[in-house]
There are 4 protein chains.
Amino acid sequence: MAQPASRQRKTRANGVASRIAILDAAAHIAGERGYEGTSINAVSERSGLPASSIYWHFKNKDELIAAVIDRSYSDWIEALRRLADQDSELSPVEMYSSGMRQSAEQLIQFPDFLRLGLMLTLERRPSEPTARQRFQATRVETLARLRRYLGRVFESLGEAEIEQLAVLTLAGSDGLFIAAESEGIDIADGFETLARAVMGAAVSFGWVRPNS
Amino acid sequence: MAQPASRQRKTRANGVASRIAILDAAAHIAGERGYEGTSINAVSERSGLPASSIYWHFKNKDELIAAVIDRSYSDWIEALRRLADQDSELSPVEMYSSGMRQSAEQLIQFPDFLRLGLMLTLERRPSEPTARQRFQATRVETLARLRRYLGRVFESLGEAEIEQLAVLTLAGSDGLFIAAESEGIDIADGFETLARAVMGAAVSFGWVRPNS
Amino acid sequence: MAQPASRQRKTRANGVASRIAILDAAAHIAGERGYEGTSINAVSERSGLPASSIYWHFKNKDELIAAVIDRSYSDWIEALRRLADQDSELSPVEMYSSGMRQSAEQLIQFPDFLRLGLMLTLERRPSEPTARQRFQATRVETLARLRRYLGRVFESLGEAEIEQLAVLTLAGSDGLFIAAESEGIDIADGFETLARAVMGAAVSFGWVRPNS
Amino acid sequence: MAQPASRQRKTRANGVASRIAILDAAAHIAGERGYEGTSINAVSERSGLPASSIYWHFKNKDELIAAVIDRSYSDWIEALRRLADQDSELSPVEMYSSGMRQSAEQLIQFPDFLRLGLMLTLERRPSEPTARQRFQATRVETLARLRRYLGRVFESLGEAEIEQLAVLTLAGSDGLFIAAESEGIDIADGFETLARAVMGAAVSFGWVRPNS
DNA sequence: AATGAATGAGGATTCATTCAT
DNA sequence: AATGAATGAATCCTCATTCAT
């Protein structure tokens, strides 16, 4: 066996691998500590590359965190797509509850992404970090996705109604994630209730007839 | 001879006023930037008192932010009490929708408190700041309050069901706050939908009969 | 014997003395190495105070160097005034050659100030350091002083002529300073030639009659 | 098979062109910001070549800046020669004023060179950069040139007198350059006055008879 | 009850330079 | 003839905190 692993890496100069190592480290730390809490030094230590090397790969901290968001969102979308492929040809109602189950799955799979994203969302600082804007964009996309989804499930609903349900769904989802982080509630359970609730709201408003 | 007014005031007097000025400044900044983003220096500048004075009033940054949470929560409870006094003697249903309206009102009134609290909740750092624990405690209290509340509205429900609805309500509330911060949705509207949704969930599960 | 000198200083907290120590150190280093060459660390080492203390006394490097220019110029003016007091009641011609001798004296006395000032003057960077503007201002003042001076010596001359001679005198002075720094020429000698030259120019243009 | 043109050019070709691009970039930046202010990175960006390529062409920063001085001085001499060719066969007096005019022209043509050179001249750092020595050498050469020149114009003068006039001329020239940079004075005007002044000094000392 | 001054540790970022390819 | 990647040292500056007054 044998290869003298340790020293090797430094000379090898593998840009792609280094970039990934940095992003991995940054994603982990930023997911736990937020933007300000993510020091370049910490990323350097966790990734094994000197701080100055981070600056070869990323212009500055801002762009590093933005890149973290971008990559995480790609992964998120990718995971979503994999799940979506499984349920072509379902009835609306089946699709709905399946979609809710999948959403719960997503939250559980990407806690760092969501934690960081929500922290960025909540921050209100003079100069918005690029990362915040990027996450904002993913929220807009997610809402659009939700609208399309609900549009297919509740075919008779108008735009305004769909909008209300979409917002409620996203809000419920974010809130459940926080409750899971904070009080340790079970996300899957929470989503089941949420599904009923959204459906129930539609019924209660008289938008749909109560059969399931 | 009469006290040389001008000089005097700053030196001798108002420990209380200074403390308040510091808390005000810290609450504002922490509400915008979170724990790490709140530097003692920034608080010093905004409050007009030297940094060393902050350390006369508070042991360290940790306790300062904790004190911010404590004070904000007192104010929050106080506001809640004022609202609650208005609706003794309401029917359960009236109480419920009134409660929901009041909750929306609260979120709008205390954005800094919630922003800071949620940021603290999301952070996951090695040594938990005292402030986080304090906010955690307020969440526990809020949940208890919600349980009592829902218990009175849905008198027939068991503990497990109440719990589910309470969690959903809190989650929806947090999520709506975030949506308001991020996408600018209208909180009052959101809460109306949320009220319907929670009710609808109860109906959908067959816990209550659908009459309103 | 007795006072344990070394440690004492730190606790003593003598703001004024520290500020002076920092300015002394910065003046020396900046006078030798220019703006960029003056690292806060070097100033810290030379002054004996930690780098962070420098930032208690000065907002940033820019303001530190600007303060160096300001203080040096005060000293320069002060020295000038002391010299000027000596030669009230001189004939114009005596005044002129005395003034020239004094100027030479000044250059010799304040080499750090001039070196730094000229380096700042020559630099052409995107964001002008405050220090550069401050030195610029001293040049404007010096030119005004020169105009008044030459106006008294060559009473018959018009503004335009005075201006030309003033510019030439300042240029000669700066150039001689550089020649002294670079080739080690004798400044006093240089100024004697310069005095003759300025006078000679005036004669040559026919502005004054050649008698001295 | 024929060489895949496009790729090729950048890799194989023009070492000379790259070297020139680097020198151009370095000359520009160093002429504006001085030795310390010229970062390899900035030169890399302005020249369009990676930093490591600069090290292929030049041993280090020191030699790069030295090369800048060398090349600029060659250009300077070249320009001088072109001008000089125009005025063989002039009377001493004509030659003198023509020479002065030409000098003004030179300063206007090579501001970066002079700015950098004078900045280097003024700096006083522990380890003298090679570039400083190179510029020093050009000054020595320029002085020698001036002596020869003045020797031809004022044929009767002794070495000591020539020296004094040469030093004054160089000083005036440097000073006028600075005044142009700082106060925006007109260099050509300044040199006319300077010419009169040097001549006037010679007359005033009784070294030459006043006829022109 | 307060504060001017100080301070070590750490923040992000840039530096000149090297080296394997 | 060139360059992508790396790197240790240094850059300026901010941090939380302390302490003598």
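Chain identifiers are assigned alphabetically (A, B, ...) following the order of the sequence lines, protein sequences preceding nucleic acid strands; residue numbering begins at 1 within each chain.
With sequence neighbours excluded, the residues satisfying side chain to side chain contact (heavy atoms under 4.5 Å, CB included) with A:E36 are A:R125, B:E36. Looking at residues two or more places apart in sequence or on another chain, you find a side chain to side chain contact (heavy atoms under 4.5 Å, CB included) between A:D62 and A:Y35, A:N60, A:P129, A:T130. For B:S72, the side chain to side chain contact (heavy atoms under 4.5 Å, CB included) partners are B:V68, B:F113, not counting sequence neighbours.
Remark: C1' of E:dA16 and CZ of D:F58 are 16 Å apart, rounded to the nearest angstrom. Look at CG on A:L49: it is 18 Å from P on F:dG4, rounded to the nearest Å. Taking atom CG on C:N14 and atom C1' on F:dT21, their separation rounds to 13 Å, with Å as the unit. In this structure, D:I54 atom CD1 and F:dG4 atom C1' are separated by 14 Å, rounded to whole Å. Rounding to whole angstrom units, CD of residue D:E63 and P of E:dT17 are separated by 10 Å. Nucleotide E:dA1 holds its P atom 12 Å from the CZ atom of B:R19, rounded to whole Å. Taking atom CD1 of B:I22 as the reference point, atom C1' of E:dT3 lies 12 Å away to the nearest angstrom.
Residue D:E123 is tested with C:M119, C:R115, C:R33 for a side-chain contact (heavy atoms from CB on, under 4.5 Å); the sole match is C:M119.
For residues 38-52 of chain D, the pairs satisfying side chain to side chain donor-acceptor pair (under 3.5 Å) are D:H28-D:R46, with sequence neighbours left out.
Of the candidate nucleotides F:dT7, F:dA2, F:dA5, F:dA2 has the atom nearest to the side chain of D:S53.
Residues A:F58 and A:I65 form no side-chain contact, since every pair of their non-hydrogen atoms from C-beta on lies 4.5 Å or further apart. The shortest side-chain heavy-atom distance between A:L116 and A:F135 does not fall under the 4.5 Å cut-off.
For the residue pair D:A25 and D:V43, the shortest heavy atom distance occurs at CB-O, 3.8 Å.
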Kindly express the pairing pattern of DNA chain F in dot-bracket notation, using | wherever a base pairs with another strand and counting only Watson-Crick or G-U pairs under 3.5 Å. .||||||||||||||||||||

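Within the 3.5 Å criterion, the main-chain N or O of D:L120 finds a donor-acceptor partner in the side chain of D:R132.
In this model, the phosphate group of E:dA1 is not approached by any side-chain N or O of B:H57 to a distance below 4.0 Å at OP1 or OP2.
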Does the protein touch nucleotides 10-15 of chain E at the base, only the backbone, or not at all? Give it as B, S and - per nucleotide, heavy atoms under 4.0 Å. -SSBBS

